[in-house]
Each structure stands twice: as structure tokens, then as C-alpha cells.
Amino acid sequence: MPQIFRDKATRATVPVTPLTRAELEGWLADQTDEARAWAASTAYGAAPGAVRLVPGAGGRLGRVLVGVESHGALWNLAGLPAKLPAGSYRIDAALDGAAAGRAALGWALGAYRYRHGGRTGGPAPVLVWPRGADRGQVARAATATTLVRDLITAPANEMGPADLARAARRLARAHGAKVAVIQGDKLLARGYPAIHAVGRASARPPCLIDLRWGGARDPRVTLVGKGVCFDSGGLDLKSSAGMRLMKKDMGGAAQTLGLAAMIMGAGLGVRLRVLIPAVENSVGGDAMRPGDVIRTRKGLTVEIGNTDAEGRLVLCDALAEADREKPALIVDCATLTGAARVALGPDLPALFCNVDGVADALLSHAAAVEDPMWRMPLWAPYRQTLDSKVADLNNISDGPHAGAVTAALFLERFVSAERPWIHMDIMGWNPKARPGRPVGGEAMGMRALYALIEGRFARRGGA
């Protein structure tokens, strides 16, 4: 993470004062006549997100005012790194530890810039660490979010299956984890036929990335991430507009690597496994066809109703493998369906979960860390829409409705009923810029998932 924080203020450090509209008049009453005149002349009303640079002695910057809707929210300061000149700043407000952490994380997320090829920017504003902020927690969340954003935003010609495997290896080296990669036709020999079927038409061979970390006696937690590095739709070809953002179709894989980075960085007491089926869904002479029947790792056969519903095919093999080890929790993340975006829009991930208590806890954590999601139903009566006359099930339903639900029901077939399982259907992309959330790849639900796992599994040594 670049230097965006400093330990101590100096005489040159500029105070940043967050104010609600209701607080502005009282604050101005305690200021000088010059400050009140300045506020009147600039028509500053402390609207949420509005920033004013207040002049100080000798023509120097004396203070920054930022309008907020309420105090302590994550995104209050997120717009400042892009608006302030280089220099040192401190928050001039009383914050408890949790609010201080949110303020610091908002600043860090707002300081993010995608740098293609690793180019560095110029001098940037630096924030004095707010007193009481959990620096380790902020750094882990910010670093993991940077990883997710960078991986998703990278162009597809630089982020194929092998590149995704290299990213996993870099992460593993940083945390003392181990990574194994099964590639190409070895997937067939090792029992992953659905992953192979989706990726075999590409010149960049498919692979299964398998990262392991943690103690042998710790409870197992397994993360599964959809790693479709580019999705043309296969023979059911997408339109050019539909393909435009399909470099982001490995967003679930990126998010599981970011979540793994947070778990390992915090030293949580879990036996972590990350499974990423990494493929490119391409058009070619060896591409799977509509109407083909493929076998899966679990032994179930699947009729290919549409080659553009490939994400659930690669996930089903990985989920079957995850389930085989009977972990205490399985989490999969995937940019799986347009139907989830139609239902909930780009900002709100769809949550599916087979255990009410786990879902309730995750939603509680999501609210606490301002990482929203919305629970959707695993509606059992819709299972029949996936019936096939020639296979155990079809990879698409027989109608246009409830596409996110039927996709989740497909995946549910590959997880044992008694296994706690979370499925996150995410956008993985910010289509428009907002403070702290630039256009590009995005982690969605990752911090909430981490909070759930941290709450269920204590850190090693009780730390």
C-alpha cells in the first residue's frame, strides 16, 4: 500500500473538519469574522461531500471543511484524496475507535488509483492516523481491496488463467501458503471435466488453482471463486456490447483472493482453502456446443442449454471438491448472472445461503461494516425448471424468470445439504465513480464475509 498515512502531525499538518448542515452555524459562531465572511462569500452550506479549502495565515491552507450527512460513516472522507493538494492532514473531530477505523479506511479506499503496468503517481495527500483506529485491520482491508480492484481492472490480455495463477502464487508466498495448479488436459485426468469443457477451446489452457494455508487442527473454511478471465459467451456468442466488460468475469476469483489475503494477514484460526477454476470461454473448433452433455466432478451429468451459462459449470466442479473435505463453511463468489443485476442493481450483491443463522449473521456484519448485500431465496419449487430429458440437469432453466435464483439452485446441487454454504452473486465493477469507488473493478461483500469468518473463528492464540 502506498504511503497514504503518517504516524504524527507536524506544524504543517492541516486540520480536516467534517460538518453536517445542522452543525455549520454553530461552528461558524466560534470562528473569526474573516472565516464567517469567507463562508458567506463562498456560499458554503456543508452539503454532504462538499469540500472547501479555508485559507490560513500567510496564504497557506489553513483548514479543510467537508460536509457529511452523519458522523462516523465509511465514505465521509473518501472523496478527499482526489480533491486535496499534496500535504499532511488530520481529522479535527472526536471519533471512537470504530469510527476512526472507518474514516481511515474510507481515506485509503479513496486514495486508490489503478496504475497500469505499475506506474506510480505524483505526491499525494497523507492522513495522520486517527487515534483509536485499528491500523492492522484498516491496512488489511485496503490492501485486499486494492488487490481485487487491480486484478479485475487489468486487461484480459494480461489476466488469463496462467496470470491469475501467478497472482495466487504471489499471495501465497507473502503469507506462507501453498499453491497447486492443475492445467489443461490434466483436469480430465484429475476429475474436473466441467472446468475442462468450458476452457478447452481457448489457446490459454484452463486450470484449477488450489491454495492452502493454516494449521491441520483448525476448522476448514473453503473459498471458491469464479475465474472466467474473459467470457465471449462461447458458441452462444455475446453481442459486442455484452462482451465489453467481460474481463471482469473473474471478479469472484479476485474477491476470494482478497478475502484470503485478509484471513491470512489477520492470522485467523482456520484451515483455509481457496479453489479457483480459471478459464477463458472462447469460440473454437473444440468449444462445447448447445445440447452437449458433460459429466461433472460429482458424477452428475449436465445438458448444455446455453454455452454462455459457463460460470456455474466451472463452479460446480470446484464446489464438489470443496464439499468433499466437509469444511465448516463454504463460500463462493461469482459474477454469475445478469438477473441479479436486474433485480438488485450494480451495487448490491445477491446473497444466497442454505443456513438461516449464517445468513442472518452475515447480513448483520454487512450492515456494521457498510458492505451491503441482499438475501435472495433458494426457492425449491424452481428446481424443476433445471430438469433435462437427457441428463441429470440443465445448466439453464426452461424460462426467462428468476435467473439468479435458478443459477444458485444449480450450484446447490453440488453442495451437501448439511454443509453451511454462502453463494455471492456480485457485479464486481463500479459502472460510475463515487467517492472512494472509482470506475473499475470492485470488491463487493468481501469485508462483510471477512467479519463473519473472523466472528466465527477466533484468531490463533486467542489474539
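Bear in mind that the values here come from a model prediction, so they are computed numbers and not experimental data. Hydrogens, waters and symmetry mates are skipped; everything else that's a heavy atom, side chains included, is used.
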No-hydrogen, no-angle side-chain donor-acceptor test under 3.5 Å, Tyr450 and Asp371: no
Glu69, CD: over 12 other non-hydrogen atoms inside 6.0 angstrom: no
Worked verdict on Ile304 versus Thr307 for side-chain contact (heavy atoms from CB on, under 4.5 Å): CA-CA 6 Å; Ile304 306 303; Thr307 64; 4.0 Å; yes
Contact check, side chains of Val331 and Leu329, non-hydrogen atoms, under 4.5 Å: yes
Side-chain heavy-atom pair Val279, Ile195 within 4.5 angstrom cut-off: yes
side-chain contact (heavy atoms from CB on, under 4.5 Å) between Ile294 and Glu303, worked out: CA-CA 7 Å; Ile294 65 171; Glu303 180 184 3; over 6 Å; no
Non-hydrogen side-chain atoms of Leu336 and Leu315 separated by less than 4.5 Å: yes
Atom CZ of Arg434: over 12 foreign heavy atoms under 6.0 Å: yes
Contact check, side chains of Val128 and Tyr89, non-hydrogen atoms, under 4.5 Å: no
Lys/Arg N to Asp/Glu carboxylate O, Arg375 vs Asp356, below 4.0 Å: yes
Distance-only side-chain donor-acceptor flag, Ser232 / Asn281, under 3.5 Å: no
Residue pair Leu105 / Leu74, side-chain heavy-atom distance below 4.5 Å: yes
Short N-O contact, Lys432 and Asp347, less than 4.0 angstrom: no
Chi angles and distances behind the side-chain contact (heavy atoms from CB on, under 4.5 Å) call for Asp210, Arg212: CA-CA 7 Å; Asp210 189 349; Arg212 292 179 182 266; 3.9 Å; yes
Audit row: Arg190, Asp317, salt bridge (charged side-chain N to carboxylate O under 4.0 Å, His left out) steps and yes/no: CA-CA 11 Å; Arg190 298 284 294 275; Asp317 271 2; over 6 Å; no
Parallel, tilted or perpendicular: rings of Tyr382 and Trp379 (30°, 60°): perpendicular
Short side-chain to backbone donor-acceptor contact, Arg204 and Ala162, under 3.5 Å: no
Min side-chain heavy-atom separation Val16-Leu80 under 4.5 Å: yes
Steps toward side chain to side chain donor-acceptor pair (under 3.5 Å) verdict (His116, Glu158): CA-CA 10 Å; His116 182 263; Glu158 298 176 8; 3.1 Å; yes
Whether Trp129 and Phe5 hold their rings parallel, tilted or perpendicular, with breakpoints at 30° and 60°: parallel
Carboxylate-amine/guanidinium contact Arg273 Glu321, below 4.0 Å: yes
Derivation and outcome, side-chain contact (heavy atoms from CB on, under 4.5 Å), residues Tyr114 and Arg149: CA-CA 8 Å; Tyr114 176 69; Arg149 290 173 171 179; over 6 Å; no
NZ/NE/NH1/NH2 to OD/OE distance under 4.0 Å, Arg341 and Asp425: yes
Heavy-atom pair with the smallest gap, counting every atom of Leu272 and Ala260: CD2-CB, 3.8 Å
Pairwise side-chain contact, Ile422 with Leu351, heavy-atom cut-off 4.5 Å (strictly under): yes
Ring-face cation of Arg102 near Trp107 (centre distance under 6.0 Å, axis angle within 45°): no
Sidechain N-carboxylate O distance under 4.0 Å for Arg383, Glu412: yes
SB check Lys226 Asp332 (cutoff 4.0 Å): no
Side chains of Leu449 and Arg447 in contact at under 4.5 Å (non-hydrogen atoms): no
Ser416/Asp323 under side chain to side chain donor-acceptor pair (under 3.5 Å): CA gap, chis, key distance, verdict: CA-CA 7 Å; Ser416 300; Asp323 186 70; 2.7 Å; yes
